[in-house]
Amino acid sequence: MAIKNVGVVGGGLMGSGIAQTAAQSGYNVLLAEVNQELLDKGMQRVHGAWEMLANKGKITEAQAEEYRGRIRGTLDMQEFADRDLVIEAIIENLDEKRTLFRTLDGIVQSGAILASNTSSLPIIEMAAVTNRQERVAGIHFFNPAPVMKLVEIVLTIATSDETVNDLRAFAQSLGKTPIVAKDTAGFVVNFLLIPYMLSAIRMYENGLATMEDIDTGMKLGCGYPMGPFELLDYVGLDTTLYAAEAIYKEYPDPAYAPPTLLRRMVQAGRYGKKNGKGFYAGAEK
Ligand code: 3HC
């Protein structure tokens, strides 16, 4: 199936990055949000990224103009009827995602793919509320979506081979390398990454080293571009907590149990870079 029209639901960090990447790669993109303020924010993020790339000389002004012409924002889900692929990137709440999938299933043309960018929730639970389980899959991008080269394609027990092949081709057309994972909590990357970040928090909580030294250790000792605390702030402490809780629910192994400090940070409203308060902006010393 040839994908031409792409819909992205959710204009947050991930949704806007995915929409940007798809528009840059030649797709006709529709970005949906629940209210005008959030939609404006999402569209501004996309336009701001192209402005930054044009200022850096990475793209021409003419290219930026062309990209802008390929993306449009909407508050009206009915406009998704002609989409060939819809990517959901709303908050990590299963009830909300299921409601959205039910709505999309009733609107989007039959045969189109409905995909979720969830980092750890079961895709089959979203597929189950639709009448097209074989056309539902996960398509998990990494932050920052326009830059990170990996896309995880997550197949449920009901996803068809055709859907996996269509999504693989789509990811490649965005310049990404797809890997295929089964529909188990954390898929491939977060199943390995989350316990690593949680271990770093425990190490700090137990007073074994400073955050700065743990970060320096992993950057200089292992060549990681960011240390675990920088990455936690970057990915979002709330996002990390939700992912850890979802994986722990499926694999009640202590390695996946969110440390108290992470809970307290989120309870205190410290979400990391997204709201300017995280481990590096006032964590308990
Ligand atoms: N669109 C296009 N290009 C962009 C961009 C955007 N929105 N934002 C940044 N870029 C480009 C920049 O132009 C720059 O290009 P250049 O190197 O050619 O000049 C390049 O990306 C790097 O940007 P910066 O120079 O601003 O920053 P750094 O060199 O410090 O790199 C980083 C930043 C890429 C974020 C790097 O630190 C990194 O790789 N960090 C690790 C990120 C990571 O691990 N992400 C995965 C998190 S896990 C996850 O997302 C899963 C979830 O489910 C939890």
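Please read all numbers here as calculations on a predicted model, not as lab measurements. Just so you know, ligand 1 is whichever comes first in the structure, and atom 1 is the first atom listed for that ligand.
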Asker: May I ask you to list the atoms of ligand 1 that are less than 4.0 angstrom from any heavy atom of P144?
Answerer: 35 (C)
Asker: Does a sphere of radius 6.0 Å around NZ in K219 hold more than 12 heavy atoms from other residues, nucleotides or ligands, not counting ones at 6.0 Å or beyond?
Answerer: yes
Asker: Drop me the distance from I123's CD1 to Q133's CD, to the nearest 0.5 angstrom.
Answerer: 12.5 Å
Asker: Establish whether atom 22 (C) of ligand 1 and some protein heavy atom are separated by less than 4.0 angstrom.
Answerer: no
Asker: With heavy atoms under 4.0 Å as the rule, classify the contact between Y234 and ligand 1 as side chain, backbone, both or neither.
Answerer: side chain
Asker: If hydrogens are left out, which of L193, T240, N143 has an atom nearest to atom 48 (S) of ligand 1, that is, the closest non-hydrogen atom?
Answerer: L193
Asker: Does the protein place a non-hydrogen atom closer than 4.0 angstrom to atom 53 (O) of ligand 1?
Answerer: yes
Asker: How far does CD1 of I247 sit from CG of N190, to the nearest 0.5 angstrom?
Answerer: 5.5 Å
Asker: Mind checking whether Y224 and Y196 have parallel, tilted or perpendicular rings, split at 30° and 60°?
Answerer: perpendicular
Asker: Determine yes or no for a side-chain-to-main-chain donor-acceptor pair under 3.5 angstrom, with E205 supplying the side chain and L261 the backbone.
Answerer: yes
Asker: Determine whether any protein heavy atom is located less than 4.0 Å from atom 26 (O) of ligand 1.
Answerer: no
Asker: Is E88 salt-bridged to R102, cutoff N-O under 4.0 Å?
Answerer: no
Asker: Regarding Y242 and S119, is there a side-chain donor-to-acceptor distance under 3.5 Å anywhere?
Answerer: no
Asker: Does only the side chain of A243 get under 4.0 Å from ligand 1, or the backbone, or both, or neither? Count heavy atoms.
Answerer: neither
Asker: Considering the heavy atoms of S119, write down every atom of ligand 1 situated less than 4.0 Å from one of them.
Answerer: 53 (O)
Asker: Given I194, V147, T21, identify the one with the heavy atom nearest to atom 10 (N) of ligand 1.
Answerer: V147
Asker: Taking only heavy atoms of F142, which atoms of ligand 1 are found under 4.0 Å from at least one of them?
Answerer: 48 (S), 49 (C), 50 (O), 51 (C)
Asker: Run the numbers for me: atoms of ligand 1, each under 4.0 Å from some heavy atom of V235, listed by number.
Answerer: 47 (C), 48 (S), 54 (C)
Asker: Which ligand 1 atoms does Q20 reach within 4.0 Å, using its non-hydrogen atoms?
Answerer: 1 (N), 2 (C), 6 (C), 7 (N)
Asker: Show the nearest heavy-atom pair for residues F141 and N117, with the distance to one decimal.
Answerer: N-OD1, 2.8 Å
Asker: Would you mind running through ligand 1 and noting each atom that sits below 4.0 Å from a heavy atom of H140?
Answerer: 51 (C), 52 (C), 53 (O)
Asker: Please confirm whether Q24 approaches ligand 1 to less than 4.0 Å, judged on its heavy atoms.
Answerer: no
Asker: What distance separates D82 CG from L30 CG, expressed to the nearest 0.5 Å?
Answerer: 7.5 Å
Asker: Given P225, G57, A49, P146, identify the one with the heavy atom nearest to atom 38 (C) of ligand 1.
Answerer: P225
Asker: Which atoms of ligand 1 have any heavy atom of L53 under 4.0 Å away?
Answerer: 2 (C), 3 (N), 13 (O)
Asker: Which atoms of ligand 1 sit under 4.0 Å from any heavy atom of M226?
Answerer: 35 (C), 37 (O), 40 (N), 41 (C)
Asker: Counting only heavy atoms, tell me which of L231, V189, N55 gets closest to atom 43 (C) of ligand 1.
Answerer: L231
Asker: Do T239 and K274 get their side chains close enough for a donor-acceptor pair, meaning under 3.5 Å?
Answerer: yes
Asker: Kindly identify the option in E92, M148, M14, K56 whose heavy atom sits closest to atom 14 (C) of ligand 1.
Answerer: K56
Asker: Check for me whether E230 has a heavy atom closer than 4.0 Å to any atom of ligand 1.
Answerer: no
Asker: Parallel, tilted or perpendicular: which one describes the rings of Y251 and F191, with boundaries at 30° and 60°?
Answerer: perpendicular
Asker: Answer yes if a protein heavy atom lies under 4.0 Å from atom 31 (O) of ligand 1, otherwise answer no.
Answerer: no
Asker: Hey, is atom 16 (P) of ligand 1 under 4.0 Å from any protein heavy atom?
Answerer: yes
